[in-house]
Amino acid sequence: MKIINQIKHQFFKPNSSFDFGYFSFQAGIFLLASAPFFAILFFLISLLSKKNIKDKAYFKDPWNYPFFLSGILMIISVIKISNVNENIINYVHDPTLSILGLFNWIPFFWIFWGLQIYLNTKEKRIKTIFLLISGSIPLIFSGLGQYFFKWYGPFEILNGLIIWFQRPLNSDMGLTGLFNNQNYAACWLVVVFPFTLVFLLKSKEVKIKRVFSLIIFTFFTLTTILTTSRNAFLGLAISATFLIRKRFLVIVILFLAAILITNHEIFLKQLQNLNFENLKAEERFEVWGQAITLISERKLFGWGASSFPNVLYLKNGFSQSQHTHNLLLDIAFSYGIPISLLLNTSIYYLIYQSLFTLNTKKNEEELHDKAWISSIICYLSFHFFDLTYFDVRINLIFWILLAGIRNIVKEKKRNLKKT
């Protein structure tokens, strides 16, 4: 009862300015990795909160224009493809899939705008970072349990509303955890990893906090390595380079310690795969070439969402991939080159602008924002070689990160006006 009363006093005390929309956003962040169904409900509440709607106007921010236009063009593309009379399109295209494909994009343009109010200060972004790390603990727990103790699922609670799919691992398969896919798990871990690193770097003054941060950082590093994802290794390198600079020794020691704990044979096999002597034989590059050829045949409106394997099969008599292994190519294939260029140019330019904000702050003060920028760079580098975007958790975390980036850029402009 004492704990309950403390919670009531904290959140529901008389005359408090308790913001239920912000509380719902925080709950959504915390539950996103482990309970996406409930996370989505909380995000919806935060988006529809009275304060959010009252304080914001969509077209006041010019950065919403390219996303709004992209949504309009995507709808036109779907209508155009659905009515096309070419035999190959009629054979492979399911209009329902194209309509459903729009839900991977258009709602998230709104989410990018609507969630910015909950990330509009450094303090709010730091709280979000902490909640992302805390909410990722179930992935660490499930993944290490799967790898070392053979905890296999699926595990269900609340009559299937929360399901953790965990399958037995083959000898050449990396850790998957509750994502049930090693690449999806790796992508999430790479996104959160810079935040664990910055908490470690910022915890020098308090010994207990530093020990706790070191434990969290080590477990995240270990779990990421155990996914055996080459994209994950790239993400670790990007984060370390971006955030540490002269402090590489700490990372090297922890990295080597993690390798000793893991199955070194799997890790060495992945290192062998990193050499570029047989680059031309890599299946991924073949898929890219096939995707580019198909994109050139339908430059303006694309082939339709989720049609890549079917079109590839019809053209070549076989399909070696379910997707293009590249986000930029996938958008161009599904909706056309103009939409892909508009959407990707807008995203990359916003991130490019955020890099200039780091020059206006002292090194120690900018670490959290640097970690935020590093996280989204890791996300995009991951999606240059793979495509995990269509998992709703990974999709949401990207647009949340981008909303934070927009606020970082806004803060720079406000500071410049003051000076």
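We number each residue from 1, following the sequence as shown. Just so it is clear, the values below take in all heavy atoms, side chains as well, and ignore hydrogens, waters and symmetry mates.
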Considering only heavy atoms from C-beta outward, does the side chain of F217 approach that of F193 to under 4.5 Å?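 Of all side-chain heavy-atom pairs linking F193 with F217, at least one is under 4.5 Å.
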Are L234 and F384 packed together at the side-chain level, in the sense that at least one heavy-atom pair is separated by less than 4.5 angstrom?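 Not touching, per the 4.5 Å side-chain cut-off.
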With a 3.5 Å cut-off and no angle check, do the side chains of [X] and [Y] form a donor-acceptor pair?
{"X": "N180", "Y": "T176", "result": "no"}
{"X": "Q182", "Y": "S229", "result": "no"}
{"X": "S136", "Y": "W188", "result": "yes"}

Check for a donor-acceptor pair, side chain of [X] on one end and backbone N or O of [Y] on the other, with a separation under 3.5 Å.
{"X": "S374", "Y": "K370", "answer": "no"}
{"X": "T293", "Y": "G289", "answer": "yes"}
{"X": "N64", "Y": "K60", "answer": "no"}
{"X": "N326", "Y": "F385", "answer": "no"}
{"X": "S375", "Y": "A371", "answer": "no"}
{"X": "T227", "Y": "G174", "answer": "no"}
{"X": "S307", "Y": "G304", "answer": "yes"}
{"X": "R393", "Y": "L32", "answer": "no"}
{"X": "R125", "Y": "N120", "answer": "no"}
{"X": "W164", "Y": "S34", "answer": "yes"}

Closest contact, heavy atoms only, G114 versus I117: O-CG2, 3.8 Å
Minimum heavy-atom separation for F301 and S77, please, with both atom names.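 In this case the closest contact between F301 and S77 is O-OG, 2.7 Å.
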With a cut-off of under 6.0 Å to the ring centre and 45° to the axis, is K124 in cation-pi contact with Y22?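 Here K124 passes the 6.0 Å and 45° test against Y22.
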When you measure from the centre of the six-membered ring of F356, is the NZ or CZ of K412 under 6.0 Å away and within 45° of the axis?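 No, K412 and F356 do not form such a contact.
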For [X], does the [atom1] atom have more than 12 heavy-atom neighbours from other residues, nucleotides or ligands under 6.0 Å away?
{"X": "Y349", "atom1": "OH", "answer": "no"}
{"X": "F390", "atom1": "CZ", "answer": "yes"}
{"X": "F38", "atom1": "CZ", "answer": "yes"}

Check residues 150-160 and write down every donor-acceptor pair under 3.5 Å in which the side-chain atom is one partner and the other belongs to a residue at least two apart or another chain.
none

What verdict does the ring-ring contact (aromatic ring centres under 6.0 Å, His included) test give for F25 and F42, after you've listed the backbone C-alpha separation in whole Å, the side-chain angles of each residue and the deciding distance to 0.1 Å? CA-CA 6 Å; F25 170 76; F42 278 115; over 10 Å; no
For the residue pair W372 and F195, does the interplanar ring angle fall in the parallel (under 30°), tilted (30 to 60°) or perpendicular (over 60°) class?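 W372 vs F195 ring planes: tilted.
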In residues 394-401, what donor-acceptor pairs under 3.5 Å come from side-chain atoms, sequence neighbours left out?
from	atom 1	to	atom 2	distance (Å)
N395	OD1	Y389	OH	3.0
N395	OD1	W399	NE1	3.3
N395	ND2	N104	O	3.2
W399	NE1	Y389	OH	3.0

Go through it in stages, so that I can follow the logic: the residues are R406 and E411, the test is salt bridge (charged side-chain N to carboxylate O under 4.0 Å, His left out), and I'd like the CA-CA distance, side-chain angles, deciding distance and then a yes or no. CA-CA 9 Å; R406 179 67 188 110; E411 284 181 9; over 6 Å; no
Given T128 and Q26, is the side-chain contact (heavy atoms from CB on, under 4.5 Å) satisfied, shown in steps? CA-CA 7 Å; T128 301; Q26 291 179 302; over 6 Å; no
Taking the six-membered ring for Trp, are W105 and F108 closer than 6.0 Å centroid to centroid? no
Aromatic ring proximity F179/Y184, centre distance under 6.0 Å: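 Centroid distance F179-Y184: not below 6.0 Å, so no.
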Set out, in order, the CA-CA distance, both residues' side-chain angles and the distance that settles side-chain contact (heavy atoms from CB on, under 4.5 Å) for H323 and L387, then state yes or no. CA-CA 7 Å; H323 53 72; L387 195 60; 3.6 Å; yes
Between L102 and Y335, is a side-chain contact (heavy atoms from CB on, under 4.5 Å) present by the stated rule, with each step listed? CA-CA 10 Å; L102 293 175; Y335 301 105; 4.1 Å; yes
By side chain to side chain contact (heavy atoms under 4.5 Å, CB included), F130 pairs with (sequence neighbours left out) S134, F199
Hey, mind stepping through W110 and W113 against side-chain contact (heavy atoms from CB on, under 4.5 Å) and telling me if it holds? CA-CA 5 Å; W110 173 49; W113 162 73; 3.2 Å; yes
